[in-house]
Protein chains: 2
Amino acid sequence: MKLGTKGRYAVMSMVDIACHDDKEAVSLNDIATRTEISLPYLEQLFMKLRKSGLVTSVRGPGGGYKLARPSNNIRISDILLAVDVQIHTTRCEPNSAMGCRINHGRCLTHDLWDAMGRQMALFLNSVTLEDVVQGRLIEKSMHHVKKEEQENILKVVS
Amino acid sequence: MKLGTKGRYAVMSMVDIACHDDKEAVSLNDIATRTEISLPYLEQLFMKLRKSGLVTSVRGPGGGYKLARPSNNIRISDILLAVDVQIHTTRCEPNSAMGCRINHGRCLTHDLWDAMGRQMALFLNSVTLEDVVQGRLIEKSMHHVKKEEQENILKVVS
DNA sequence: TCAATAGTTGACTATTTTACTCGGATATTG
DNA sequence: CAATATCCGAGTAAAATAGTCAACTATTGA
Ligand code: FES
Ligand code: FES
């Protein structure tokens, strides 16, 4: 269960733009050198980000990309959704009535994975680009965790 | 970002055994027919579950596997860890000091992914096999979610 | 004791997904 | 018109996942 480069690079790039929020467009070339992501790959990603209305583009010399909305109005989930990174914890299709073929259409573990997926989505919905740039993340997760659990958590997240 | 068959099948099988908790060992053949998972694949998984001390085995006719501990003492994270399914949200190695090479060793998005990984781990640590069998999951997630967000969450979890 | 059952083990292959590249087109600036 | 930078479709390479196979060992019961 891991996050791939697609979602990772998309968020990294958006953070990069949010930092250079000088009303000047940021070129992919600049982002590529700063983040060490290949230019063609970035082009592919920004195509989707633009089509989803998260960024606006300026062509020609001095051009690049700008955030389409203020950074406190762009959620991490918006970015991931734009580049087709979804949380896929359950196996059954959301439409089709029957899933894992056991226990009359819904397997016993369905609710477990569904709950986990929602948990993740809830988190990604609650964090905005601005939160990331300003480092407001500790407050959004992990309040009072027992010392005993801390150890186990570190094993799970690897 | 999806859950593969390895972790899914491991948990499904463990739930299956927990249901038939008649002090009788459950054979992989029975699990295979009920869950429609191939026998050789199950063998591979139960090797790891046994070596991690989650199940005990009984060889010969009438044999099979039993839970090594009561189901309320087996967490979902224990099962996933046993079959080498880890949460891998950050890109940087946990040991090595430098990660994504930007912002002096820790990239701006590191804390974001780290927080998300911990969020997931916390959830998986809080749910036991017994919880799944008895359907105690709604209480563990999603308390008061705005109607507006509900819609978006469904898009993200797909 | 012998045959059937069922776990034990390591290695191996197929499939799918992910990551990334390439070539060329179009628009804008100076 | 030349340089810059976004646009766009397709195509390939690498990696991870999923699943298979053959052979072995222990146990039970007829
Ligand atoms: S995951 Fe939905 S029915 Fe099994
Ligand atoms: S994810 Fe850890 S430094 Fe980028």
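Every chain is numbered from 1 and lettered A, B, ... according to where its sequence line falls, protein lines coming before strand lines. Worth knowing before you read on, the calculation uses all heavy atoms, side chains too, and leaves out hydrogens, waters and symmetry mates. This one's a predicted model, so the numbers in the text were calculated from it and none came from an experiment.
- Straight-line distance from the CZ atom of A/R8 to the P atom of C/dA19: 9 Å, rounded to whole Å.
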Go through the steps for B/K2 and A/R91 under the test side chain to side chain contact (heavy atoms under 4.5 Å, CB included), then give the verdict. CA-CA 9 Å; B/K2 75 174 196 191; A/R91 186 169 62 168; over 6 Å; no
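- Note: CG (B/L49) to C1' (C/dT9) measures 16 Å, nearest angstrom.
- For A/K48 and C/dT18, the NZ to P distance is 11 Å, given to the nearest whole Å.
- Among the nucleotides D/dC8, C/dT9, C/dT29, the one closest to the side chain of A/K51 is D/dC8.
- Comparing A/Y9 and A/V58, the nucleotide of DNA chain C nearest to each residue sits closer to the 5' end for A/Y9.
- Taken over five-pair windows at either terminus, the axes of the helix from C/dT1-D/dA30 to C/dG30-D/dC1 are inclined to one another by 10° (rounded to 10 degrees).
- In this structure, the side chains of A/N73 and A/T128 stay at 4.5 Å or more apart for every pair of heavy atoms.
- Screening B/K66, B/M14, B/K48, B/R69 for a side-chain contact (heavy atoms from CB on, under 4.5 Å) involving B/V55 leaves a single residue, B/M14.
- The side chain of B/P61 has D/dT27 as its nearest neighbour among D/dT6, D/dT27, D/dT4.
- Looking at the side chain of B/S38, the nearest of the listed nucleotides D/dT20, D/dG19, C/dT28 is D/dT20.
- Both B/M12 and B/L39 sit in one connected hydrophobic cluster of ILVMFWY residues. Membership requires side-chain heavy atoms under 4.5 Å apart, directly or through other members.
- At a cut-off of 3.5 angstrom, the base of C/dT5 holds no donor-acceptor pair with the side chain of B/R59.
- A/E36 places its CD atom 16 Å from the C1' atom of C/dC20, with the value rounded to the nearest Å.
- Taking only side-chain nitrogens and oxygens, A/S57 never comes nearer than 4.0 Å to OP1 or OP2 of D/dA5.
- Nearest-nucleotide positions on DNA chain D place A/M1 closer to the 5' end than the other of A/M1 and B/G60.
- Rounded to an integer number of Å, the gap from CD of A/E43 to C1' of D/dC8 is 9 Å.
- Residues A/V132 and A/V127 meet the side-chain proximity criterion, which asks for heavy atoms closer than 4.5 Å.
- Across all strands shown, B/F46 has no heavy atoms under 4.0 Å from either base or sugar-phosphate atoms.
- Contact check, A/T5 against C/dC20: a side-chain N or O comes under 4.0 Å of OP1 or OP2.
- Between A/Y9 and A/Y41, the ring-plane angle classifies as perpendicular under the 30° and 60° cut-offs.
- Side-chain proximity of A/Q44 to the nucleotides D/dA10, C/dA19, C/dT28 is greatest for D/dA10.
- The distance between atom CG of A/L80 and atom P of C/dT18, rounded to the nearest whole Å, is 14 Å.
- Comparing D/dC8, D/dG19, D/dT6 by their closest approach to the side chain of A/R50 singles out D/dC8.
- Taking the charged nitrogens against the carboxylate oxygens, B/D114 and B/R106 have no contact shorter than 4.0 Å, which rules out a salt bridge.
- A/K2 comes within 4.0 angstrom of sugar-phosphate atoms only, judged by non-hydrogen atoms across all strands, and of no base.
- The nucleotide whose nearest atom lies closest to any side-chain atom of A/S27 is, among D/dA5, D/dC8, C/dG7, D/dA5.
- Whole-Å rounding puts the A/M47 CE to D/dA10 P distance at 14 Å.
- The phosphate of C/dA14 has neither OP1 nor OP2 within less than 4.0 Å of any side-chain N or O from B/Y41.
- Per the geometry, CG belonging to B/L45 stands 15 Å off P belonging to C/dT9, to the nearest Å.
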